[in-house]
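Every chain is numbered from 1 and lettered A, B, ... according to where its sequence line falls, protein lines coming before strand lines. Please read these numbers as outputs of a predicted model, since none were measured by experiment. As a basis for the values below, the full set of heavy atoms in this structure was taken, side chains included, without hydrogen atoms, waters or symmetry mates.
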Number of protein chains: 2
Amino acid sequence: MPDSSDTTLSRREREQRRRQRIMLQAAQSVFAEKGYEQATLGEIAERAEFGKGTLYNYFEDGKEGLLFATFAEVYDDLDEMICSTFEGAETADYSFRAAFHELVVRSFAYYEEREDLFLILIREAHQLCFSNDVEKAAYFQEQQQRMIDALTPAVETAVDEGRIAPLPPQSVAHMLLEVVHDLIEHRCLTEHRDENDATCVCQSDAPLLHDPEAAADFLTALLFDGLENDSPEDGASRSPTP
Amino acid sequence: MPDSSDTTLSRREREQRRRQRIMLQAAQSVFAEKGYEQATLGEIAERAEFGKGTLYNYFEDGKEGLLFATFAEVYDDLDEMICSTFEGAETADYSFRAAFHELVVRSFAYYEEREDLFLILIREAHQLCFSNDVEKAAYFQEQQQRMIDALTPAVETAVDEGRIAPLPPQSVAHMLLEVVHDLIEHRCLTEHRDENDATCVCQSDAPLLHDPEAAADFLTALLFDGLENDSPEDGASRSPTP
DNA sequence: TCAGCAGATGACTCGGTAGTCACATTCCGA
DNA sequence: TCGGAATGTGACTACCGAGTCATCTGCTGA
């Protein structure tokens, strides 16, 4: 969605964008709170302080249009994050491992910044991936592929340069993104639970999840060094954590 | 749910169980096909060949009761699978790594056998985890903890015996289950897509996903040996794949 | 000042379903 | 064989929310 403060636009157009943003934000807050199915256009309109009919002037497909505009926003952000984190593979001191560590940290930061968007992504995109509507399923396939494509070149380079094991780059990229996604999702889940139920006992791995650095360390160590305990026989074979 | 052929029950009771099973199976087939929200009691009743009112005689909570009975079935199966796969830690030739490999293979087998159940679990449980209804969120927390608890002792033993790296057992158990779950989920997703869209181009990692052995090998190697490519400098430090 | 138009509005229509309940049917023991 | 208990049934009710559209509002340019 173009920025509503873009000065190349006429006042009228800027005004339109601004309203569109207000409606989208209202929709996001309702979706995050109630979930897509439970959200009603009435409540979104009320929160945006517009009439129900007005929403249709800005989002032809109504509720669904608002949902997909939300997806577009979050997928653009994620793509940008992956690309910028793994750029500079030519630099002398570039480390794929360190870049991955950074991705985990940045993902956490983004989650904290836009908790609402993540909640919507996690809940609704997952559901819609399994939709019987071919168009919708294809949309999510494309978006996921876009994320994988953003990461794959970096994995390929790392494999070529012998930094990581010679496994299929696409599969590795897929697996890495999946694991990060899971971590954020798990944190999101525990936080969501704590909000609903203040009496909830803290899980044993809670500190791991709430400290971005600790989580990134755990994940990086697990994925790069592996679970196998080869240090007793052979202490020198492990790389230090970045 | 007790077996409807249990001979300790009266004929009437057995007959009740049998009908309950028929209704549950009808519900599962509709849920798997349409998703929970889109499924209607009318269609479930029709498919079960009973009147709509009759469903309420067997499942007081209607649609929701049928959904939760389905969850109970699948979680019981999974718990059983984890426990039986990791038992026998005392045996001389027991290998945690091999047991994990076996878990992946068995998970695939279960998925093939009960595709419908998995689809429901993946779609609906995920959604309900984030429900604002405290009771429901707690149910899924309990079930997930049950799975983790089933695996944790085996991880602890493996850590104590120095077979795997000294990381928090609960976190490791959690991560392992998550990764297996993701793999199955991904396979389920691609299969679901292929059903809907025959023109779909095969993904590059498709063979990995459709051959249980290959998938288990990939996952075991990745998780136990790690991504880090330490073989050129130090070929002896890696354990062979089981 | 005013005509005309872009845009806002929310009461209304319409389609759809969960859950109910008065009645029908079947079962079973006396 | 019969009567009443248990069980099945589906038409009906009550509710809900998406999307529409006739109407209103306020802006702009002549």
Side-chain angles (χ1 to χ4, degrees), chain A residues 4 9-31 33-70 124 127-128 131-133 135-136, chain B residues 4 9-31 33-70 124 127-128 131-133 135-136:
Chain A
S4 59
L9 299 170
S10 70
R11 199 162 70 81
R12 168 161 294 174
E13 281 169 319
R14 272 180 286 136
E15 192 58 17
Q16 280 193 340
R17 304 281 156 116
R18 200 182 60 82
R19 286 185 187 147
Q20 209 167 39
R21 265 237 75 81
I22 289 170
M23 291 172 190
L24 191 55
Q25 277 166 354
Q28 287 168 358
S29 93
V30 180
F31 289 159
E33 211 169 282
K34 308 272 175 88
Y36 179 72
E37 290 283 353
Q38 298 304 315
T40 67
L41 263 187
E43 184 163 359
I44 295 170
E46 206 178 327
R47 224 174 274 196
E49 297 181 283
F50 285 100
K52 196 146 68 99
T54 313
L55 293 192
Y56 284 93
N57 293 339
Y58 287 84
F59 294 90
E60 275 194 30
D61 299 330
K63 214 168 85 151
E64 197 171 294
L66 286 158
L67 183 64
F68 277 79
T70 300
E124 314 305 341
Q127 182 99 157
L128 284 166
S131 162
N132 290 323
D133 179 331
E135 298 250 341
K136 281 185 203 136
Chain B
S4 58
L9 300 170
S10 71
R11 199 162 70 81
R12 168 162 292 176
E13 281 169 320
R14 270 180 289 136
E15 192 59 15
Q16 280 192 339
R17 305 281 157 116
R18 200 182 60 82
R19 286 184 188 148
Q20 210 167 38
R21 265 237 76 82
I22 289 170
M23 291 173 191
L24 190 55
Q25 276 165 355
Q28 287 168 358
S29 93
V30 180
F31 289 158
E33 212 168 279
K34 308 273 175 87
Y36 177 72
E37 290 281 354
Q38 298 304 315
T40 67
L41 263 188
E43 184 163 0
I44 294 170
E46 206 179 327
R47 223 174 273 196
E49 296 180 284
F50 284 100
K52 195 147 67 99
T54 313
L55 292 194
Y56 284 93
N57 293 339
Y58 287 84
F59 294 89
E60 275 194 31
D61 299 329
K63 217 168 85 152
E64 197 172 293
L66 286 158
L67 182 64
F68 277 79
T70 300
E124 316 303 341
Q127 183 100 158
L128 284 166
S131 164
N132 290 324
D133 179 333
E135 298 250 340
K136 282 184 202 136

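- Put simply, chain A comes within 4.0 Å of DNA chain D, heavy atom to any atom, from D:dG17 to D:dT28, going 5' to 3'.
- For CD of B:Gln38, the number of neighbouring non-hydrogen atoms (other residues, nucleotides, ligands) closer than 6.0 Å is 12 at most.
- Within 4.0 Å of A:Gln16, counting heavy atoms only, lie sugar-phosphate atoms of the nucleic acid but no base atom.
- Across the protein-nucleic acid pair, A:Glu49 atom CD and C:dT9 atom P stand 10 Å apart, rounded to whole Å.
- A:Phe59 has its CZ atom 16 Å from the C1' atom of C:dA8, to the nearest Å.
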Worked verdict on A:Leu67 versus A:Leu128 for side-chain contact (heavy atoms from CB on, under 4.5 Å): CA-CA 11 Å; A:Leu67 183 64; A:Leu128 284 166; 3.8 Å; yes
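- Atom CD1 of B:Ile44 is separated from atom CZ of B:Phe59 by 10.0 Å, given to the nearest 0.5 angstrom.
- For B:Tyr36, the ring pair (Phe, Tyr, Trp, His ring centres under 6.0 Å) test picks out B:Phe31, with sequence neighbours left out.
- Rounded to an integer number of Å, the gap from CG of A:Leu55 to P of C:dG10 is 11 Å.
- For B:Glu43 and B:Lys34, the salt-bridge test passes: some basic side-chain N is under 4.0 Å from an acidic carboxylate O.
- With hydrogens and angles disregarded, no donor-acceptor distance shorter than 3.5 Å links the side chain of B:Ser131 to the backbone of B:Gln127.
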When every nucleotide of nucleotides 13-27 of chain C is labelled 5' to 3' by its protein contacts under 4.0 Å (heavy atoms), B for base, S for sugar-phosphate only, - for none, what sequence of letters results? ----SBBB------S
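- Taking the charged nitrogens against the carboxylate oxygens, B:Glu15 and B:Arg19 do have a contact shorter than 4.0 Å, which makes a salt bridge.
- Of the possible donor and acceptor atoms, one in the side chain of A:Asn132 sits under 3.5 Å from a partner among the backbone N and O of B:Glu33.
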